[in-house]
Amino acid sequence: MGTLAFILEEERPLALDIQSLANRLVRLDISEPSRVLACVVAQSSLLEQINARQFDDPHMLFLRETVLQGGAKEVTIGDDGVLRLQGCLCVPNVDGLRERILEKAHGS
């Protein structure tokens, strides 16, 4: 969003409200001056767990570093910060996360 120093003083409360909404994953689309579309972006807590735990897996850390150095073309780091191999999530082998995902996938 930038700094409030470049926003007129009377518009700062509105800017702060918009930032507060963005922090709560509410996105605003102002495509026409008289209309505002607001939507809530839902995010899976599982995706957040995978993202956080990738930093706890030494293999994932090595892979992330390789990607950042341009050495792994089939692996990417998405806009959400999660490592993906050919578009599929790289699930770290930490604290039984893989097993929990497989259990849920099989309905256990």
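Within the 4.5 Å cutoff, no side-chain heavy atoms of Val67 are placed close to those of Thr76. Here the side chains of Ile50 and Ile101 are in contact, with some heavy-atom distance below 4.5 Å. Between Arg53 and Asp56 the shortest side-chain heavy-atom distance falls below 4.5 Å. Between Val82 and Gln54, some side-chain heavy-atom pair lies under the 4.5 Å cut-off.
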Please walk me through it: do Glu74 and Leu85 pass side-chain contact (heavy atoms from CB on, under 4.5 Å)? CA-CA 6 Å; Glu74 65 280 354; Leu85 173 64; 3.5 Å; yes
Go through Arg64 and Ile77 one step at a time and tell me if the side-chain contact (heavy atoms from CB on, under 4.5 Å) criterion holds. CA-CA 8 Å; Arg64 180 177 296 275; Ile77 300 174; 3.8 Å; yes
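Taking both residues in full, the closest heavy atoms of Glu10 and Pro13 are given as O-CD, 3.7 Å, listed atom of the first, atom of the second, then distance. For Ala72 against Leu63, the heavy-atom pair with the smallest separation is CB-CD1, 4.5 Å.
Clustering ILVMFWY residues whenever any of their side-chain heavy atoms sit less than 4.5 angstrom apart, transitively, puts Leu97 in the very cluster that holds Leu47. In the hydrophobic cluster analysis, where Ile, Leu, Val, Met, Phe, Trp and Tyr join through side-chain heavy atoms closer than 4.5 angstrom, Phe62 is grouped apart from Leu68. In the hydrophobic clustering of ILVMFWY residues, with side-chain heavy atoms under 4.5 Å counting as a link, Val94 and Leu61 come out apart. Connection of Met60 to Val75 is established within a shared hydrophobic cluster, with ILVMFWY side chains joined at heavy-atom distances below 4.5 Å, either directly or through further cluster members.
The CG atom of Asn51 sits 11.0 Å away from the CG atom of Leu46 when rounded to the nearest 0.5 Å.
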